[in-house]
Amino acid sequence: MKLYVKIKGISCNHCLQTIEANLLKNKNIESVKFKNDIAIITYKNTINREKLIKKIISLGYYTEEDYISDDINQLDNKTNLKEIVLIITILILIFYLLYKLIGFNIFNVIPTIDSNITNGMLFITGLFTSIHCISMCGAINLLTVINKTGKRNYKRPILYNLGRLISYTFLGAVVGLIGSTITINNKVSGIIILLAATIMFLMALSMLGIIPLRKVKKFKGKLKTKSPFLIGLLNGLMPCGPLQAMQVYALSTGSPIKGAISMFLFCLGTIPLMLSTGLILTRLNSKNKILINKIATCLILILSLVMLNQALLSLDIDLFKNKKEETYQKSIIKDNYQEIKINASYGNYQDIIIQKDIPVKLIIHVDKDKLTGCNNEIYLKKYNIKKKLVAGDNLIEFTPTKVETLTYTCYMNMIKNNIKVIDNKKYFERKS
């Protein structure tokens, strides 16, 4: 006989294994398999549904009588999809209102993990990506809160995060050492970050139940432990998109010391939210945990798309490239140089057109209230120009030598604009 149970809160293979192992302790249950968030339970004799519900809830997940059926077709998954769409819509609306009302763009303070990132931004990156850590490692984080007797223990989350800090730092040193023997250019880094963003995106879809989450079979002789410190040490080996992107950065440092420091600061940034979440989880019921997990996972999905776009920009692939020439701003030719003035906004500079073989004076004006952690530094790779912007007028000078379309970006590759070089002096306005 089979029983189908819809379970909310499943986010990873660890969740599937935890549920399976605990349900199989019931002598009447012969096997437990999964189809997305539905457990397919094969049993003999009878199963007490009330006890089954209590058992699943005690593990940190949620189900109820309406989620249990002898017919899998009666368990509708459409509601789950509607919830996801609603959460994502609300998040996007919040981001939009923040931008329109107070000019705050949350994505402007999320840095691309590349060789230009500072130590301070490494810590901030950890703060933001800890949202991903909570969702991806939510079940593991919960496990570390509970001791062998099943009671809550506030020391366990601290030990878990200490293990993570040591593990991340050690891995940073290892990949930094590897990086000292190889060279990673911007293209290779972009490809690796693209892969990491794709993995992160697919993980989010799996955690939301949009694509199947396959259960990995346990290996014989696998280490079984509930030691929070040891679990934290092993956490550094998890297949995690942001973690892999950070390992790429540690690799690019080409130094075991710099690699270790970068991973240490990154992990340190994840600890405040991870630690507080571990403590808060001791007070929340299953429904609240699942709601928080869904919101975090939806945010991860959005952030993975942002990270994906950043990776494409680093590979000179712009999905949102504006090809309408009338939107480009022309330079003005003055005697022996050409001048062009633009205003930088929160998320954009300006596409411009300039004349070949005439020195350019590009003046970028930035209002103080529009200077952000993303737009405050410009890269023009073709001419090896890195310009730190300040409030007011900023001057960049170079001479274009051939007809082509160049790109200039912010240092995080989140803002990208075109510089079109043409050879037609009659096209431009002249001033003496």
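This one's a predicted model, so the numbers in the text were calculated from it and none came from an experiment.
The side-chain contact (heavy atoms from CB on, under 4.5 Å) test with L52 is passed by exactly one of N26, I57, L23: L23. None of T327, T407, N417, T405 except one satisfies the side-chain hydrogen bond (donor to acceptor under 3.5 Å, both in side chains) rule with D351; the exception is N417.
Residues Y328 and N418 bring a donor and an acceptor atom of their side chains to less than 3.5 Å of each other. D393 and H365 share a donor-acceptor pair across their side chains, judged by distance under 3.5 Å alone.
The number of heavy-atom neighbours closer than 6.0 Å to CG of L24, taken from other residues, nucleotides and ligands shown, is above 12. Within a 6.0 Å radius of NZ in K341, other residues, nucleotides and ligands contribute 12 heavy atoms or fewer. Summarising the local packing, CZ of F170 is surrounded by 12 or fewer heavy atoms from other residues, nucleotides or ligands at distances under 6.0 Å.
At least one side-chain heavy atom of E65 sits under 4.5 Å from a side-chain heavy atom of I53. The side-chain heavy atoms of K382 and E404, taken from C-beta on, include a pair separated by under 4.5 Å. For the pair I363/N394, no side-chain contact is recorded, criterion being any heavy-atom separation below 4.5 Å from C-beta on. A heavy-atom distance below 4.5 Å is not found between the side chains of I385 and Y408. In this structure, the side chains of N384 and Y379 stay at 4.5 Å or more apart for every pair of heavy atoms. Side-chain contact between L380 and I419 is present, with heavy atoms from C-beta onward closer than 4.5 Å. At a threshold of 4.5 Å between non-hydrogen side-chain atoms, the residues V175 and L171 do not count as touching. The closest side-chain heavy-atom distance from I342 to Q329 is below 4.5 Å.
Between atom CD1 of residue I7 and atom CD1 of residue I56 there is a gap of 4.0 Å, rounded to the nearest 0.5 Å. Atom CG of L165 sits about 6.0 Å away from atom CG of L268, to the nearest 0.5 Å. Interatomic distance, T270 OG1 to N161 CG, rounded to the nearest 0.5 Å: 6.5 Å. Once rounded to the nearest 0.5 Å, the distance linking CG of L362 with NZ of K387 reads 10.5 Å. The distance from atom CD1 of I38 to atom CZ of F34, rounded to the nearest 0.5 Å, is 11.0 Å. The CG atom of L265 lies 8.5 Å from the OG1 atom of T169; values are rounded to the nearest 0.5 Å.
Closest of all the heavy-atom pairs between E377 and K386 is OE2-CB, 4.2 Å. Nearest heavy atom pair, residue E397 against residue L395, reads OE1-CD2, 3.7 Å. Considering every non-hydrogen atom in both G172 and M263, the closest pair reads CA-CG, 3.3 Å. The two atoms that bring A39 and V32 nearest to each other are CB-CG1, 4.4 Å, heavy atoms only. Annotation for P400 and Y383: closest pair CA-OH, 3.1 Å, computed over non-hydrogen atoms.
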Item to complete: Kindly determine whether S31 and Y43 satisfy side chain to side chain contact (heavy atoms under 4.5 Å, CB included), including the steps that lead there.
Response: CA-CA 7 Å; S31 68; Y43 68 98; over 6 Å; no
Item to complete: List the steps and the verdict of side chain to side chain contact (heavy atoms under 4.5 Å, CB included) for L233 and I166.
Response: CA-CA 7 Å; L233 287 175; I166 294 173; 3.9 Å; yes
Practice prompt. Evaluate the criterion side chain to side chain contact (heavy atoms under 4.5 Å, CB included) for residue pair I352 and K420; output intermediate values, then yes/no.
Written response: CA-CA 6 Å; I352 61 178; K420 191 171 184 178; over 6 Å; no
Worksheet item: Can you check side chain to side chain contact (heavy atoms under 4.5 Å, CB included) on I378 and Y349, steps first, answer last?
Response: CA-CA 9 Å; I378 282 182; Y349 299 127; 3.5 Å; yes
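N375 contributes a side-chain N or O that, together with a main-chain N or O of S345, makes up a donor-acceptor pair within less than 3.5 Å. Looking only at distances, no side-chain donor or acceptor of N45 sits under 3.5 Å from a matching main-chain atom of N28. Side-chain N or O atoms of S167 include none that pairs as donor or acceptor with a backbone N or O of R164 at under 3.5 Å.
Under the salt bridge (Lys or Arg N to Asp or Glu O under 4.0 Å) criterion, D70 pairs with R49, sequence neighbours left out.
The aromatic rings of Y62 and Y67 lie perpendicular to each other, with more than 60° between the two planes, well past the 30° mark.
Separation of the Y160 and F229 ring centroids does not fall under the 6.0 Å cut-off.
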